[in-house]
Novice: 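Have a look at the structure that comes next, please.
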Number of protein chains: 2
Amino acid sequence: MERPAKAFDLVPLFAALADRTRLRLLNLMRDREVCVCYFVEILRQGQPKISRHLAYLRRAGIVSTRREGRWMHYRIEWPTDAKASAILDTTLTSLRADRQMQADLARLTEACCQPQRFVTLQGAPPPRPLEATGSNA
Amino acid sequence: MERPAKAFDLVPLFAALADRTRLRLLNLMRDREVCVCYFVEILRQGQPKISRHLAYLRRAGIVSTRREGRWMHYRIEWPTDAKASAILDTTLTSLRADRQMQADLARLTEACCQPQRFVTLQGAPPPRPLEATGSNA
DNA sequence: CGTTCGTATTCGTTAAAGCGAATATATGCG
DNA sequence: CGCATATATTCGCTTTAACGAATACGAACG
């Protein structure tokens, strides 16, 4: 059996996943890059709270960011470790069966198609689908 | 796509896994039922601490217990949810690459073969291999 | 530069986690 | 039953997480 010299530390990943709000955020990012204002609108939670949870995900290294003027986009950063990546993938797959997660995604889809129906999304850059390359979900 | 009515809550599982000591405990239980005194001896940590972490694993529902007189044995209880089970399985597989986890297992193997070399294991019931049925690791 | 907008961080608070030390509880034995 | 052994839980403390409210910071614009 192969025994690499360095093992990937799964604890920070698990700590990041051990919160429902953060799972909801990841669910929304499964195949899109999403702007913070969309997270706030879709999850219907305060901006500071969303930002804080995104910060935890950043700390765990499983999301990355792209600034576009005033807007900050987030997308999943798949761990380079295969096992960690598999765990994250399985997690997102599991979330498909969750009612609230489904509702969140439906709401996100609606917001993408008709942002005019959401006051806070006027003028905001809509979520951008991730390119097939490197996408796990 | 199938949409079951009830989703499995992964958060408690992740919370349980988000601690290194608990990962070390699960690593020792991957294919055996292990007595608390063996955990204490192998991990070389205080008994109250080991008990407390085992209590967290019990609370998460991923270990079950069997009392044998003064001795209490613990073994992994694989989640009935396939995704949760896969995550736990992947986790244990990942731990195989960890040096400390390897050392722990080696020490456990030694303790099983020569308990007389460990003061606290005299008279204690050795770990019992799990039967092939239902074993994931 | 002042103002506005979007977002990150701080503040004050509460709850939970984690620790070592101490103690309570359960089991066995003479 | 008293004592010994194994284990679970409590205690007191510190640290971390999570929250709502408030504030700081970054980008854009005239």
Side-chain angles (χ1 to χ4, degrees), chain A residues 11-25 28-29 33-60 63-75 111 115 118-127, chain B residues 11-25 28-29 33-60 63-75 111 115 118-127:
Chain A
V11 171
L13 173 64
F14 290 136
L17 298 178
D19 179 85
R20 188 161 182 85
T21 298
R22 294 200 285 277
L23 290 183
R24 291 177 74 187
L25 291 171
L28 294 182
M29 288 187 262
E33 182 187 59
V34 184
C35 172
V36 175
C37 60
Y38 269 76
F39 286 134
V40 172
E41 183 63 49
I42 303 303
L43 269 57
R44 286 181 272 211
Q45 298 197 355
Q47 176 274 320
K49 177 178 173 180
I50 296 294
S51 266
R52 189 161 42 237
H53 281 297
L54 289 170
Y56 278 121
L57 294 176
R58 289 201 308 274
R59 193 177 72 181
V63 293
S64 55
T65 59
R66 175 177 69 87
R67 182 170 276 283
E68 180 184 350
R70 295 172 179 162
W71 286 278
M72 185 68 94
H73 301 270
Y74 280 76
R75 64 183 176 278
F118 299 81
V119 178
T120 60
L121 301 183
Q122 303 306 305
Chain B
V11 170
L13 173 64
F14 289 136
L17 298 177
D19 180 83
R20 188 161 182 88
T21 298
R22 294 201 283 278
L23 290 182
R24 290 177 74 187
L25 291 172
L28 294 183
M29 288 187 261
E33 182 187 61
V34 184
C35 173
V36 175
C37 60
Y38 269 76
F39 286 134
V40 172
E41 182 63 49
I42 304 303
L43 270 56
R44 286 181 272 208
Q45 298 199 355
Q47 176 273 321
K49 178 178 174 181
I50 297 294
S51 265
R52 190 162 41 239
H53 282 297
L54 288 170
Y56 280 119
L57 294 176
R58 288 201 309 273
R59 194 177 71 180
V63 293
S64 55
T65 60
R66 176 177 69 87
R67 182 171 276 284
E68 179 184 352
R70 295 171 180 164
W71 286 278
M72 185 68 96
H73 302 270
Y74 281 75
R75 64 183 176 278
F118 299 81
V119 179
T120 60
L121 302 184
Q122 302 306 304

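The chains referred to below are lettered A, B, ... by the order of the sequence lines, with proteins before strands, and numbering in each begins at 1. Quick note: numbers below take in every heavy atom, side chains included, and nothing from hydrogens, waters or symmetry partners.
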Novice: Which comes earlier along DNA chain D counting from the 5' end, the contact point of A:Arg59 or that of B:Val40, where each point is its nearest nucleotide?
Specialist: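 Counting from the 5' end, the first nearest nucleotide belongs to B:Val40.
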
Novice: Which whole-number value in Å describes the distance from B:Glu41 CD to D:dA6 C1'?
Specialist: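 So the two atoms are 14 Å apart, to the nearest Å.
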
Novice: Kindly write out the residues that satisfy side-chain contact (heavy atoms from CB on, under 4.5 Å) with B:Gln45, not counting sequence neighbours, or none if the list is empty.
Specialist: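 Checked B:Gln45 against side-chain contact (heavy atoms from CB on, under 4.5 Å); matches are B:Thr21, B:Arg24, B:Leu43, B:Lys49, B:Ile50.
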
Novice: Using whole Å, report how far OH of B:Tyr56 lies from P of C:dA16.
Specialist: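 To the nearest whole Å, that distance equals 10 Å.
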
Novice: Sort me out a list of protein N/O and nucleotides 25-30 of chain C N/O pairs below 3.5 Å, or just none if empty.
Specialist:
residue: C:dG28; atom: O4'; partner: B:Arg70; partner atom: NE; Å: 3.3

Novice: Applying side-chain contact (heavy atoms from CB on, under 4.5 Å), can you list everything that pairs with B:Val63, at least two apart in sequence or on another chain?
Specialist: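 Checked B:Val63 against side-chain contact (heavy atoms from CB on, under 4.5 Å); matches are B:Leu26, B:Met29, B:Leu57, B:Arg58, B:Tyr74.
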
Novice: Assuming nearest nucleotide by heavy-atom distance, tell me which of B:Ala15 and A:Ala124 is located more 5' along DNA chain C.
Specialist: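 Whichever sits nearer the 5' end wins; that is A:Ala124.
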
Novice: Going from CZ on A:Phe14 to CG on B:Asp19, what distance comes out if it is rounded to the nearest 0.5 angstrom?
Specialist: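 The CG atom of B:Asp19 is 11.5 Å from CZ of A:Phe14, to the nearest 0.5 Å.
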
Novice: Hey, could you give me the CD/SG distance between B:Gln47 and B:Cys37, rounded to the nearest 0.5 Å?
Specialist: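 The distance works out to 10.5 Å.
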
Novice: Any base atoms under 4.0 Å from B:Arg20, or only sugar-phosphate, or nothing? Heavy atoms, all strands.
Specialist: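 B:Arg20: no heavy atom of the nucleic acid under 4.0 Å.
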
Novice: Report yes or no: does A:Arg22 contribute a side-chain atom to a donor-acceptor pair with the main-chain N or O of A:Ala15 at less than 3.5 Å?
Specialist: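 Yes, the answer is positive, given that a donor and an acceptor are paired below the 3.5 Å cut-off.
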
Novice: Five pairs at each end of the helix from C:dC1-D:dG30 to C:dG30-D:dC1: take the axis at both ends and give me the angle between them to 10°.
Specialist: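 Overall, the helix from C:dC1-D:dG30 to C:dG30-D:dC1 bends by 10° from one end axis to the other.
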
Novice: Under 4.0 Å between a side-chain N/O of A:Arg66 and OP1 or OP2 of C:dT7, yes or no?
Specialist: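 It does not, given that no N or O in the side chain of A:Arg66 lies less than 4.0 Å from OP1 or OP2 of C:dT7.
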
Novice: Counting side-chain heavy atoms from C-beta on, which of C:dT9, D:dT9, C:dT7 comes nearest to B:Arg58?
Specialist: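 Side chain of B:Arg58 sits closest to D:dT9.
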
Novice: Is any side-chain nitrogen or oxygen of B:Tyr74 closer than 4.0 Å to OP1 or OP2 of D:dA8?
Specialist: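 So the side chain of B:Tyr74 is within the cut-off, an N or O lying under 4.0 Å from OP1 or OP2 of D:dA8.
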
Novice: Identify the two heavy atoms, one from B:Ala124 and one from B:Trp71, that lie closest to each other, and give their separation to 0.1 Å.
Specialist: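 Heavy atoms only, the tightest pair is CB-NE1, 3.4 Å.
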
Novice: Side chains of A:Glu41 and A:Tyr38: closer than 4.5 Å at any heavy-atom pair?
Specialist: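 SC-SC contact between A:Glu41 and A:Tyr38 ruled out.
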
Novice: Nearest whole angstrom, please: distance from the C1' of D:dA18 to the CG of A:Leu57.
Specialist: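 Distance check: A:Leu57 CG to D:dA18 C1' gives 14 Å.
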
Novice: Identify which nucleotide among C:dA17, D:dT7, C:dA8 has an atom closest to any side-chain atom of B:Met72, counting heavy atoms from C-beta outward.
Specialist: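 So the nucleotide nearest the side chain must be D:dT7.
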
Novice: B:Asp19 CG to C:dA16 P: how many Å, rounded?
Specialist: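 After rounding, the reported distance stands at 18 Å.
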
Novice: In residues 42-55 of chain B, which ones come under 4.0 Å of DNA chain D, going by heavy atoms?
Specialist: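 DNA chain D contact set from residues 42-55 of chain B: B:Gln47, B:Pro48, B:Ser51, B:Arg52.
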
Novice: Would you please name every residue forming a side-chain contact (heavy atoms from CB on, under 4.5 Å) with B:Arg70, sequence neighbours left out?
Specialist: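 If we apply the side-chain contact (heavy atoms from CB on, under 4.5 Å) test to B:Arg70, skipping adjacent residues, there are no hits.
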
Novice: Atom CZ of B:Arg67 and atom SG of B:Cys35: how far apart are they, to the nearest 0.5 Å?
Specialist: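 Separation between the atoms: 9.5 Å.
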
Novice: Rounding to an integer number of Å, can you tell me how far B:Phe39 CZ sits from D:dA8 P?
Specialist: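 Value for this atom pair: 10 Å.
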
Novice: Return the CE to OG distance between B:Met72 and B:Ser51, rounded to the nearest 0.5 Å.
Specialist: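 One finds 9.0 Å between CE of B:Met72 and OG of B:Ser51.
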
Novice: Which one of A:Val34, A:Val36, A:Leu54 satisfies the side-chain contact (heavy atoms from CB on, under 4.5 Å) criterion with A:Leu25?
Specialist: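 Of the listed options, the one satisfying the test is A:Leu54.
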
Novice: Could you measure the distance from the CZ atom of B:Arg66 to the CZ atom of B:Arg75? Nearest 0.5 Å is fine.
Specialist: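 If I round to the nearest 0.5 Å, the distance is 7.5 Å.
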
